[in-house]
Amino acid sequence: MEENITDIMIKEEPKLIWRECLEIIKDNLPAITYNTWFLPIKPLEISESTLKIQVPNNFFVEWIEEHYNTLINKTIKQVLGSNGQLAYIIAEETSEPFITAAVKEESPVVKVKPAENVQTHESFLNPKYRFENFIKGENNQLARAAGVAISETPGETSFNPLFIYGGVGLGKTHLIHAIGNRILDKFPDKKVICLSSDIFTVEFVEAIQNNTVNDFSNFYKSMDVLIIDDIQFLIGKEKTQDLFFHIFNTLHQAGKQIILSSDKPPKDLKGLNERLVSRFQWGLTTDIQPPDFETRIAILKNKVETYGIILNNQILEFISQNITSNIRELEGCLIKLMANASLNSREIDFELVKKTVKEIATGRQINISIDFITKIVCEFYHVDENKVREKNRKKEVVVARQAAMYLSKIMTRSSLKTIGLHFGGRDHSTVIHAQNTIENLIESDITFRETIETIKNKIEMSVI
Ligand code: ADP
Ligand code: MG
């Protein structure tokens with residue numbers, strides 16, 4: 001069918017508008033920054049004064065928001081008028097369990113749940129995590145093999161539940177999503193759901209508040225495959241554990257597949273109900289170890305290809321020799337390289353690699369948790385920790401909450417979403433708002449800056 005002129009105009013308009021924006025942006029940035037962060041963006045559509053653009057992943061959005069927010073705001077208003085807004089559509093990320101669209105007055109940037117989620121039901125699986133890009137190594141051999149077997153005949157192997165444990169950044173989340181994705185590829189009618197246990201807890205609390213616990217429980221009991229990430233977050237949450245116990249039993253008896261991940265083996269999950277611990281050991285318990293040198297190289301090669309950057313073997317080997325503890329750090333190194341190269345307008349050469357690896361290697365390898373930060377901040381402000389997580393709007397509570405959110409953002413690797421969840425299930429935009437507020441205060445108020453510095457030192461001192 002021939003397109004008429006109106007169709008063509010509608011199709012071309014976002015491109016034309018984005019091209020205009022790019023011209024302004026290009027004039028204001030070094031070429032490498034522009035090439036790295038703005039060229040990969042695709043304009044999708046325009047409705048009213050909002051231009052929807054597609055970015056490759058969440059990291060892009062966070063990076064752009066953090067570094068180029070002012071320029072982008074200015075540009076979009078210049079091109080589309082004072083109501084001009086941008087909405088990011090994340091191409092790959094579908095792990096978000098809820099829609100995060102929120103229009104904030106202070107920022108014209110809106111994040112929208114991805115449009116191209118092909119799953120038929122809401123599995124919350126991240127389509128990016130697949131077996132195809134999960135590099136096989138001695139470190140993950142058994143866990144991976146069990147995962148493949150389960151994907152062939154979910155619920156029918158003796159690996160039920162499959163319990164995978166290991167340290168941070170070793171591939172647990174990737175693997176369990178890969179299993180879910182493979183199952184859905186093979187059995188599109190199966191009901192698969194994948195979520196982390198802290199989100200499960202937040203939803204359960206909401207169900208209690210809304211008097212819908214039965215629906216909540218029946219919903220999970222109706223699954224064919226239940227995948228729960230980071231089960232250790234159930235520790236200390238008695239009521240959630242009770243409910244999970246019943247869901248577990250119902251599914252297991254019905255021959256439905258359960259897959260769990262954790263940072264520790266079941267027997268070390270102190271504070272978890274004994275009857276859950278014993279059930280977790282019914283199937284197969286297996287670990288993922290840190291990868292060896294060859295596996296690290298293979299993973300790096302795979303990531304380099306995904307990011308579309310070119311690094312020679314000398315560089316890849318250098319990184320693999322020096323960053324050994326976990327895969328997230330390997331990935332972090334590549335991202336840092338891209339970022340450093342773009343910020344300083346230089347190529348990724350060996351000098352830059354050495355500098356970046358050194359920064360990572362000498363950086364303190366400590367894991368500070370959001371809960372720990374919250375505890376120290378609350379002690380400092382003499383505020384009850386629970387109040388910070390509730391909807392309390394007292395001034396001192398708000399300040400403590402915002403400071404804790406801000407410090408969580410800069411001192412942990414947690415996403416905005418995760419941080420929001422730790423503060424009573426607040427939206428990611430609330431976290432951005434807190435971050436902006438604290439940053440402004442730090443700039444304008446020297447006493448406040450010192451206060452935040454003091455708290456930060458306290459946190460750092462306490463974890464050494
Ligand atoms: P964990 O859940 O154990 O903390 P993740 O699954 O989040 O770790 O993995 C951290 C990062 O490393 C992810 O981006 C993931 O894609 C990547 N990764 C982990 N293991 C592998 C692997 N075997 N092959 C390729 N990428 C991996
Ligand atoms: Mg994980």
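As the structure lists them, so they are numbered: ligands from 1, and atoms in each ligand from 1. Note: hydrogens, waters and symmetry copies are ignored here, and every other heavy atom, side chains too, is used.
A ring-centre distance under 6.0 Å is not found for Phe204 and Phe244. Under the 6.0 Å cut-off for aromatic ring centres, Tyr129 and Phe134 do not qualify, their centroids lying 6.0 Å or more apart.
Using a 4.0 Å cut-off between a side-chain N of Lys or Arg and a carboxylate O of Asp or Glu, Arg413 and Glu329 qualify as a salt bridge. A salt bridge links Arg275 and Asp242; the closest N-O separation between the charged side-chain nitrogens and carboxylate oxygens is under 4.0 Å. The pair Arg182-Glu132 meets the salt-bridge criterion, since a charged nitrogen lies less than 4.0 angstrom from a carboxylate oxygen.
At a 4.0 Å cut-off, not a single heavy atom of Ala298 sits close enough to ligand 1 to count as contact.
Test Ile310, Thr356, Leu337 against Ile348 for side chain to side chain contact (heavy atoms under 4.5 Å, CB included) and you get one pass: Leu337.
The single protein non-hydrogen atom nearest to atom 6 (O) of ligand 1 is His174 N, 2.8 Å, given as residue, atom name and distance. Of all protein heavy atoms, the one lying nearest to atom 19 (C) of ligand 1 is Gly171 CA, 3.3 Å. Ranking the protein heavy atoms by distance from atom 7 (O) of ligand 1 puts Arg328 NH2, 2.7 Å first. The nearest protein atom to atom 12 (O) of ligand 1, hydrogens excluded, is given as Ile327 CG2, 3.1 Å; this is a heavy-atom distance. Of the protein's heavy atoms, Gly169 N, 2.7 Å lies nearest to atom 4 (O) of ligand 1. For atom 11 (C) of ligand 1, the nearest non-hydrogen atom of the protein is Glu331 OE1, 3.5 Å. Among all protein heavy atoms, the one lying closest to atom 26 (N) of ligand 1 is Lys303 NZ, 3.1 Å. The shortest contact between atom 22 (C) of ligand 1 and any protein heavy atom is with Ile135 N, 3.5 Å.
Relative orientation of the Tyr220 and Phe200 rings is perpendicular, given thresholds of 30° and 60° on the angle between their planes. Note on ring orientation: taking the six-membered ring where Trp is involved, the planes of Phe163 and Phe280 are tilted (angle from 30° to 60°).
Ser197 and Asp230 share no donor-acceptor pair across their side chains, judged by distance under 3.5 Å alone.
Atom numbering of ligand 1 starts at 1 in the shown order; those under 4.0 Å from a heavy atom of Gly167 are 3 (O). Annotation for ligand 1: atoms under 4.0 Å from non-hydrogen atoms of Asn140 are 23 (N).
On a distance-only criterion, Val168 and ligand 1 share no N/O pair closer than 3.5 Å. No N or O atom of Asn302 sits closer than 3.5 Å to an N or O atom of ligand 1. No N or O atom of Ile299 sits closer than 3.5 Å to an N or O atom of ligand 1.
Metal site remark for the Mg ion (ligand 2): Ser196 contributes no N, O or S atom at a distance under 2.8 Å.
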Glu351/Arg346 under salt bridge (charged side-chain N to carboxylate O under 4.0 Å, His left out): CA gap, chis, key distance, verdict: CA-CA 11 Å; Glu351 277 313 303; Arg346 60 185 282 189; over 6 Å; no
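With a 4.0 Å cut-off on non-hydrogen atoms, Asn133 touches ligand 1 through its backbone and not its side chain.
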